[in-house]
Amino acid sequence: MNDIETMWVWIPRYSYSIASEDGTNYYGRKGCYLESEPTQELPGEIDVRFVSTEIKDRGNAKYVTTTGVREYYTPDAFTFGDEELSEIWVGKFETSSSNPDAEYGGGNTTELDTMIKPNVTSWRNINISNGFNVSLKMNDEGNRYGFSSTIDTHMMKNSEWGAVAYLSQSRYGKLGNVDFTGKDKEIYQNKSNLIITGCSYGAPSKGNTDYGCQYTYDIDINGTGASTTGNIYGIYDMSGGAWEYVMGNYNDIIASSGFTEMPDIKYYDKYTSSDIFTACNGKECLSYGLSETAGWYRDSAVMSDVNNPWVAYGSYYNSDSSSGIFHFYKTTGNGSVNKDASFRLTLII
């Protein structure tokens, strides 16, 4: 493990559709993986089919199970600028720094390098612009990782978080893992008050103060239940741990993120409304984990606005039952204000 600097998980290109069992509430399909009818508190299966780059579905991503007629949508995460992607690679854990023993695991600097590995402190107290810049730095010529010029690394976008979350709620994610039933289908929370990557409480989010790293990422069921697949091959720290800034922004308002100007539009998702149902140019932002899955597993859903134009996901180690992979909240993007906010990396080939 000492020789490893970054660990990544493959997310293949897919299209999805979200079902309604009653014709009104779109909480997913009961399918083979729930013992009860889907509810907002215990949602069901998101239907997923894997597709090539030649397919870009643009249906409304909804259907009623009694009709069986599905409309699929290909997540925006698989479009990067003008390029259609066959896959993205996502940091397996919250980002840590090359000096994880530093205050806040790194602090508000670009002088350190990014790392992705378990059992270390997340890199926190860093504003969005510095998180974005250290992510891009991994592409620099002569970088320590051996990455070539054909690779793009960047701070995770809101749409990319959504692509991971939806796949987790499919038959290919934790929902489809037969080792878990009922409420344990929800991703287990990281309740480490030291913000150690890969930790698991061994249960979904709860409003107690029993903080610590109860189980590490490699412990079957109790530990692996904190991954997006329920086994060791999934993505961790997406419920609890540190808040995670994503590159989602309201109307190009910089606020206290540290940017002097907004980056290239391919590196962030722009919202034109603080209403989650009209946030993408007057329409729903399909595939982003906003309106479509708001409140799933009782996760909080608070959209960015003119005063807090950035988005953070996953919530915090001491959050109550409102934390989780579908939890999002508004923020100014200031590292010193949100001292326990971290970020995650995406890699594109």
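Owing to the predicted nature of the structure, the values given are computational and were not obtained by experimental measurement.
The pair Lys56-Glu84 meets the salt-bridge criterion, since a charged nitrogen lies less than 4.0 angstrom from a carboxylate oxygen. Using a 4.0 Å cut-off between a side-chain N of Lys or Arg and a carboxylate O of Asp or Glu, Arg13 and Asp76 do not qualify as a salt bridge.
At distances below 3.5 Å, not a single donor-acceptor pair connects side-chain atoms of Glu45 with backbone N or O atoms of Gln169. Without hydrogens or angle criteria, Ser98 side chain to Leu112 main chain gives no donor-acceptor distance under 3.5 Å. No side-chain donor-acceptor contact under 3.5 Å links Arg29 to the backbone of Ile18. A side-chain donor-acceptor contact under 3.5 Å links Glu160 to the backbone of Lys157.
In summary, the aromatic rings of Phe343 and Tyr245 are positioned with their centroids too far apart to meet the 6.0 Å limit. In summary, the aromatic rings of Phe132 and Tyr267 are positioned with their centroids under 6.0 Å apart. The aromatic ring centroids of Tyr201 and Tyr188 lie 6.0 Å or more from each other. You'll find the ring centres of His327 and Trp243 inside the 6.0 Å limit. The ring of Phe326 has its center no closer than 6.0 angstrom to the ring center of Tyr313.
Other residues, nucleotides and ligands contribute only 12 or fewer heavy atoms inside 6.0 Å of the NZ atom of Lys283. Other residues, nucleotides and ligands place more than 12 heavy atoms under 6.0 Å from the CD atom of Glu37. Remark: Tyr211 OH is packed, more than 12 non-hydrogen atoms of other residues, nucleotides or ligands lying under 6.0 Å away. Within a 6.0 Å sphere centred on OH of Tyr63, heavy atoms belonging to other residues, nucleotides or ligands number more than 12.
Shown are Tyr271, Trp310, Tyr268; of these, the side-chain hydrogen bond (donor to acceptor under 3.5 Å, both in side chains) with Asn158 is made only by Tyr271.
Note that the CD atom of Glu284 and the OH atom of Tyr288 stand 12.5 Å from one another [nearest 0.5 Å].
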Please lay out, stage by stage, how Arg144 and Glu5 fare under the test salt bridge (charged side-chain N to carboxylate O under 4.0 Å, His left out). CA-CA 9 Å; Arg144 65 187 291 166; Glu5 296 194 325; 2.8 Å; yes
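Using cut-offs of 30° and 60° for the angle between ring planes, the Tyr217 and Phe93 rings count as perpendicular.
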